[in-house]
Amino acid sequence: MKLSNHYKWSALGVIALALFSVLIFLLIKSYSYDTSSYFESRDFVRQLKQFDATWNGKVLRAKIGMNNNLLLVAHPEAEQRWAQLDSLNAVGPFSTLWQSRRQGYLDAVENKTRLVEQFKQHNTVLRTSLDALPELEDGIQALREDFNDKPPLLHAAAASLVFDVTLDTFEYALNVSSEMAEEIAEHLKNLNEYVNQLLPEQRPPFTAFVGAVNAIVREQPIVNDLVDRISVIPVAQQLDSINELLNETQRRTSATDRQYHLYLGICAGIMALLLLYLAARLIRSYAVINKMNNALQTANERLEQRVEERTRELLEAERELVEAARMAGMAEVATNVLHNVGNVLNSVNVSADLITRKLAASKTLGLGKAVNMMNEHAEDLGQFMACDEKGKLLPIYLNQLVDSIAAEQSSIVDELAQLTKSIDHIKDIVATQQAYAGAARLVEPLNVVDLFEDALRMNSGALSRHHVVVTKDYQDTPTIIGDKHRLLLILINLISNAKYAMSKVSDRQRHMTLGVKIIDNATLRLSVEDQGEGIAAENMTRIFNHGFTTRKEGHGFGLHSCALAAVEMNGHLRVHSDGPGQGAVFTLDIPLETAHALPAAGMSVS
């Protein structure tokens with residue numbers, strides 16, 4: 001019986017899901033028909049026809065010299081409208097016809113554009129020649145008075161010939177005919193005979209005039225032919241065929257949409273009947289549920305008795321676990337102390353080694369040689385320093401030696417100061433861990449940039465050995481109140497880990513970026529970014545766990561202790577990486593407490 005009910009409910013669920021899917025499908029299909037799209041597409045086709053008519057008008061005005069701009073500005077929504085037309089016609093029984101008609105329109109526009117470009121070139125030459133012809137004719141008539149080497153009648157006949165050629169050329173431009181072209185050619189032949197009789201310096205105006213007439217005779221038939229060819233290109237006819245196809249597509253789409261509405265009504269009726277049946281079954285289920293609730297209440301009372309017994313057993317086990325956890329916590333504190341001291345000892349070793357090498361290579365050895373030389377000439381020291389070549393160089397050498405010894409002393413004093421800082425930091429680490437069980441922490445005024453520089457100096461030897469380039473992106477920050485040694489512990493660990501992360505990088509520069517930034521005047525953000533091996537996604541949630549490490553020589557204590565120190569300062573330590581090989585950035589956010597926020601520096605804060 002239970003099995004048959006299971007099959008029955010499964011079948012009802014499948015039927016309901018199928019009906020719901022069909023209902024959603026029909027609903028989407030019915031709303032996919034958008035009448036406005038057809039109206040907008042037809043309006044777009046109408047505007048294209050208007051653009052084509054405007055283009056033809058520009059060509060005709062350019063022919064008679066009233067317009068030089070043949071550029072046709074594209075429709076501002078042309079791409080969107082063509083995409084809309086494609087979506088309406090690209091699928092269905094008219095897709096092939098749509099592609100052919102659209103291509104026909106594009107070919108017609110391309111041919112028309114090509115002819116318009118040719119028209120523009122030839123018409124420019126024609127209009128230039130027509131505009132220049134009157135000026136050239138006037139110039140020739142003005143020059144006739146200066147010609148004294150020929151009989152006046154000859155010059156008058158030539159001037160009359162030039163005037164006739166000008167009139168015939170303008171008449172030819174208005175009405176092209178072969179007879180008129182032959183007549184102009186005959187006039188030019190006679191004019192050339194006259195020009196050949198002139199002196200060379202008198203011929204240029206006539207040459208320019210003949211060139212302009214020839215250009216008009218040559219270009220005018222070409223321009224007329226191009227205008228005729230442009231006018232017969234069927235751009236408007238292609239747009240009319242597209243409009244007819246659009247009307248037929250709309251008619252078919254409207255019929256399909258009415259069918260979808262009919263099917264939608266049928267499915268909605270079936271769904272309503274199914275919901276009524278399910279409501280009846282739900283009412284019957286309430287009685288069964290009440291019966292089961294009574295049985296569950298009885299079982300719950302028996303379960304509470306068993307829970308009380310198990311609770312007593314768990315309390316006893318909890319006391320044992322607390323004792324074990326206390327011992328484990330003591331071991332973790334000791335491990336953290338050793339790890340943090342080890343990080344600072346690296347800086348101590350670097351400073352001690354640097355001081356040793358500087359003392360071994362000290363310039364003071366040269367001072368002994370100079371003193372021995374002076375002792376050898378103690379009786380005649382003045383004469384030796386005044387006359388001997390080596391004696392003359394001795395004062396200069398001593399001056400240089402003083403400067404070198406002073407520089408060495410300053411460098412050694414700086415390294416000793418850094419060594420003292422590192423040793424003090426070790427003492428503070430031990431003192432901090434010893435006072436870890438207390439409820440107070442020591443805060444003091446801090447310069448965050450100086451703190452970053454101290455952490456860099458403690459890692460400087462390792463960074464130099466690994467050829468790491470450090471970029472400092474420090475925002476101006478005020479003096480803050482904070483726990484110096486916890487902050488220094490975190491920064492030393494983060495810089496050291498960034499250096500190790502780039503130790504295997506060989507195909508690019510090893511680059512580390514240190515950042516200081518104030519967020520919303522409430523949070524101080526310190527960041528260390530490297531271009532190293534990156535962090536796998538599965539390790540992002542475990543990287544701050546105690547004992548977790550990806551290095552063979554690592555122990556998994558550093559980042560864990562840094563995360564604890566951040567929490568103790570009411571802050572948070574985060575990490576981000578885009579994956580292996582993409583580097584990583586560690587970000588420490590702590591509350592911004594400026595120096596004037598507390599009454600006194602170096603005070604203990606709970």
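Quick caveat: nothing in here was measured; it's all calculated off a predicted structure.
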### Message
Test your reading of the model: is there a side-chain donor-acceptor pair from S503 to the backbone of Y500, 3.5 Å cut-off?
### Response
yes

#### Entry: Sequence neighbours excluded, every pair satisfying salt bridge (Lys or Arg N to Asp or Glu O under 4.0 Å) that has a member inside residues 534-544
none

Output the distance between atom [atom1] ([X]) and atom [atom2] ([Y]), rounded to the nearest 0.5 Å.
X: H485; Y: L451; atom1: NE2; atom2: CG; value: 9.5 Å
X: D483; Y: L489; atom1: CG; atom2: CG; value: 9.5 Å
X: D454; Y: K484; atom1: CG; atom2: NZ; value: 6.0 Å
X: I590; Y: T523; atom1: CD1; atom2: OG1; value: 9.5 Å
X: L559; Y: L564; atom1: CG; atom2: CG; value: 11.0 Å
X: R574; Y: M540; atom1: CZ; atom2: CE; value: 12.0 Å

### Task
Taking atom CG of D520 as the centre, report whether more than 12 heavy atoms of other residues, nucleotides or ligands fall under 6.0 Å from it.
no

### Task
Please indicate whether R306 has more than 12 foreign heavy atoms, meaning atoms of other residues, nucleotides or ligands, lying under 6.0 Å from its CZ.
no

Please examine the side chains of [Y] and [X], heavy atoms only from C-beta on, and report whether any two atoms are closer than 4.5 Å.
X: I480; Y: P445; value: no
X: I233; Y: V109; value: no
X: L526; Y: T587; value: no

Residue pair [X] / [Y]: nearest heavy atoms and the distance that separates them:
X: P234; Y: Q237; value: CA-OE1, 3.1 Å
X: V585; Y: S527; value: CG2-CB, 4.4 Å
X: F548; Y: I543; value: CD2-CA, 3.6 Å
X: G581; Y: R508; value: O-NH2, 3.5 Å
X: S577; Y: I535; value: OG-N, 3.1 Å
X: P478; Y: I518; value: CD-CD1, 3.7 Å

Taking side chain to side chain contact (heavy atoms under 4.5 Å, CB included) as the definition, give me every residue that meets it alongside [X], ordered by chain and number, with sequence neighbours left out.
X: R510; answer: H466, V468, M502, V505
X: V232; answer: none
X: A566; answer: I490, L573, L588
X: L17; answer: S21

### Message
L446 vs E444, test: side-chain contact (heavy atoms from CB on, under 4.5 Å). Steps then yes/no.
### Response
CA-CA 6 Å; L446 299 174; E444 56 187 293; 3.8 Å; yes

### Query
What orientation do F586 and F544 show, parallel under 30°, tilted 30 to 60°, or perpendicular over 60°?
perpendicular

### Message
Between T471 and H511, is there a side-chain donor-acceptor contact under 3.5 Å, judged purely by atom types and distance?
### Response
yes

### Task
Sequence neighbours left out, what pairs pass side-chain hydrogen bond (donor to acceptor under 3.5 Å, both in side chains) with at least one residue falling in residues 103-114?
D52-K112, N56-K112, Q103-D107

Residues that [X] engages under side-chain hydrogen bond (donor to acceptor under 3.5 Å, both in side chains), provided they are two or more places apart:
X: K517; value: none
X: T541; value: none
X: H572; value: none

### Message
Using side-chain contact (heavy atoms from CB on, under 4.5 Å), reason through L514 and L456 one step at a time and then give a plain yes or no.
### Response
CA-CA 10 Å; L514 309 181; L456 268 179; 3.6 Å; yes

### Task
Please lay out, stage by stage, how R486 and E568 fare under the test salt bridge (Lys or Arg N to Asp or Glu O under 4.0 Å).
CA-CA 9 Å; R486 280 191 171 92; E568 291 165 4; 2.5 Å; yes

### Message
My understanding is that only residues two or more places apart in sequence, or in another chain, count here; which of them pass salt bridge (Lys or Arg N to Asp or Glu O under 4.0 Å) with D240?
### Response
K49

### Task
Determine, stepwise, if the pair I519 / L592 fulfils side-chain contact (heavy atoms from CB on, under 4.5 Å).
CA-CA 9 Å; I519 308 299; L592 179 62; over 6 Å; no

### Message
Could you walk me through whether M512 and I495 satisfy the side-chain contact (heavy atoms from CB on, under 4.5 Å) test, starting with their C-alpha distance in whole Å, then the side-chain angles of each, then the deciding distance to 0.1 Å, before giving a yes or no?
### Response
CA-CA 9 Å; M512 180 190 304; I495 294 174; 4.1 Å; yes

